[in-house]
Amino acid sequence: MYRNLICGVDEKIPLKDGSLVTAINFDNAATTPPLKAVLQEIIDFSPWYSSIHRGTGYKSRLSSELYENSRNLILDFVKGGKENVVIYVKNTTEAINKLSFRLCDGVKKCVILSTDMEHHSNDIPWRDKYIVDYISINDKGSLSLEDLEKKLIYYNGSVKLVTVTGASNVTGIINPIYKIAILCHKYKTKILVDGAQLVPHHTINMGEISSPEHIDFLAFSAHKMYAPFGIGVLIGPKEVFMKGNPDFAGGGTVNIVTHDFISWNDPPEKEEAGSPNVIGVAALATSIRTLKKIGLDNISNYEEYLTYYTLNKLKEIPDILVYGDVPYNKRVGIIPFNILGIPHYITSQILSDEGGISIRNGCFCAQPYVQKLLKIPSEATKDFIENSSLPRPGMLRLSFGFYNEIYEIDKLISLLVKITINKNKYVNMYTH
Ligand SMILES: Cc1ncc(COP(=O)(O)O)c(C=O)c1O
């Protein structure tokens, strides 16, 4: 529907037999191709690009304006309250790492509640600085709000933050972030939403601080929203970043410096050490304008339709196992599955070699979640730890963008049917 907005969708790629086909990309949860409007903005803005903040030239002023005004555009896009600051970072991973330095005084005594369904980027950064506990999931892969409340009561006021993904990068499940926020605030803690998979696909409303369902912190990456130029954001209350030292120090972070004295700038400058990614900001701002023009509701409705269509088609193929049992309208356009009897890495290789179809396989940087969905006993995990050459368990993941089309899904489905019918032939062919 919006295919012509995206760069590269008509590129031909070679199959294993040397023939050329138009590439199909169902790996949008990993990263998205750029919008043409974003590329055009970079071309249009480049002649005006200059140093920001401290430059006095005309171009410097223009670049500084773009950089600063984009913070308002971003905050408005996620309906964040005025108390918040928008900090530019590289990506969601950097945003979460940055926040992880901010919530405690370095003594490992505060508790962070993460969940069983997080991307490693919303799990590992917390581990060395806090006591981390994980909110459990049910057998369908969804988060247990009962367990969240139980843990909030158990830790009795020492939970500094509940950190939860807005939508899972494995199952696509959309978490009830506003309900989670209400629980967090009831028990006097805060919530961080990892918006990497949610923000590009759904409206999100951080809300006013006075509302019990407001989101305290939000992180997301522009490369997952059609602007892959090295920018992301962390949004949160300014006062949280006023205290203490920044995680990275250097140019731009300071107000006054002598050899024995530093006074830090106020956030966001304090949190953005070094020369910033102004072109990246221009790209993100254009992506946001384009997504708004298309309409986030149109995007989610269309991607829901792609998901609904695909889930129904997959159900008709024997030996296909779909993980994470949630209806199409409670998830973003992500579908994890396997063909029984064929290792995930072989199926994904066949799809690429014989159909020019890119998907992802493995554990998608969410190993604990995938281990649970695959019901892998902990003894088996120990085997992988001890012997890193063992073939790893995993899944296949389809993930849609708003530019994908039904005819692309039909091509995938007919190849999957062919694979399931000729399982032995393919396994032999692809087992070296
Ligand atoms: C849910 C989730 N969180 C965090 C990340 C990390 O994002 P980035 O690689 O842009 O830092 C990803 C990336 O796939 C993700 O899917």
Side-chain angles (χ1 to χ4, degrees), residues 25-34 74 78 87-100 112 114-127 132 134-135 137 141-143 161-177 180 191-202 204 215 217-235 247 277 280-281 283-284 287-288 303 323-324 326 331-336 358-370 372-373 394-401:
N25 182 31
F26 291 146
D27 194 14
N28 294 286
T31 197
T32 44
I74 293 164
V78 297
I87 299 168
Y88 295 123
V89 288
K90 280 206 304 286
N91 48 35
T92 307
T93 305
E94 187 176 303
I96 295 172
N97 272 280
K98 183 173 272 299
L99 187 61
S100 76
I112 298 288
S114 179
T115 85
D116 278 349
M117 65 195 292
E118 296 310 309
H119 189 280
H120 298 159
S121 292
N122 194 20
D123 171 359
I124 297 168
W126 304 107
R127 291 192 191 181
V132 182
Y134 299 92
I135 306 158
I137 50 167
S142 296
L143 211 54
L161 184 79
V162 173
T163 185
V164 59
T165 193
S168 160
N169 68 312
V170 178
T171 50
I173 290 173
I174 298 176
N175 278 322
I177 50 173
I180 296 173
I191 176 173
L192 161 67
V193 171
D194 167 353
Q197 299 296 343
L198 188 65
V199 172
H201 306 284
H202 269 263
I204 178 162
I215 305 300
F217 300 97
L218 177 67
F220 56 94
S221 302
H223 75 93
K224 294 186 195 288
M225 44 200 295
Y226 310 98
F229 295 94
I231 197 87
V233 290
L234 170 62
I235 306 176
D247 52 346
N277 180 0
V281 171
L284 172 58
S287 153
I288 288 177
E303 291 174 355
Y323 303 96
V326 273
R331 64 204 289 169
V332 294
I334 292 179
I335 303 175
S358 297
I359 66 167
R360 186 154 285 232
N361 70 283
C363 292
F364 325 112
C365 297
Q367 291 186 27
Y369 190 31
V370 171
K372 287 200 159 61
L373 292 168
M395 303 171 174
L396 301 151
R397 179 183 74 181
L398 303 172
S399 55
F400 302 127

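Remember, it's a predicted structure, so these values are computed and weren't measured experimentally. In what follows, residues are counted from 1 in the order of the sequence shown. Whatever order the structure lists ligands and atoms in, that order sets their numbers, starting from 1.
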### Query
Among side-chain atoms of Ser114 and Asp123, is any donor-acceptor pair under 3.5 angstrom?
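No, Asp123 and Ser114 have no side-chain donor paired with an acceptor closer than 3.5 Å.
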
[X] neighbourhood, listing ligand 1 atoms whose heavy-atom distance to it stays under 4.0 Å:
| X | answer |
| --- | --- |
| Thr165 | 1 (C) |
| Thr92 | 4 (C), 7 (O), 10 (O), 11 (O) |
| Asn169 | 16 (O) |

Tell me, which protein residue and heavy-atom name are nearest [atom], and how many Å apart are they?
| atom | value |
| --- | --- |
| atom 15 (C) of ligand 1 | His119 CD2, 3.2 Å |
| atom 13 (C) of ligand 1 | Lys224 NZ, 2.8 Å |
| atom 2 (C) of ligand 1 | Asp194 OD2, 3.4 Å |
| atom 16 (O) of ligand 1 | Gln197 NE2, 2.6 Å |

### Task
For ligand 1, indicate whether the residue His223 contacts it via side chain, backbone, both or neither (heavy-atom separation under 4.0 Å).
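Side chain only.
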
### Query
Backbone, side chain, both or neither: what part of Thr93 comes under 4.0 angstrom of ligand 1, heavy atoms only?
both

Is a side-chain N or O of [X] found less than 3.5 angstrom from the main chain of [Y], in a donor-acceptor match?
| X | Y | answer |
| --- | --- | --- |
| Thr171 | Gly324 | no |
| Asn175 | Ile177 | no |
| Asn28 | Ser399 | yes |

#### Entry: Passing option when Ser221 is tested against Thr92, Thr93, Thr31, Asp194 for side-chain hydrogen bond (donor to acceptor under 3.5 Å, both in side chains)
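The single option meeting the side-chain hydrogen bond (donor to acceptor under 3.5 Å, both in side chains) with Ser221 is Thr92.
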
### Pairwise side-chain contact, Leu143 with Ile137, heavy-atom cut-off 4.5 Å (strictly under)
yes

### Query
Taking side chain as C-beta onward, heavy atoms only, is Ile334 less than 4.5 Å from Val170?
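Ile334 vs Val170: side chains apart.
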
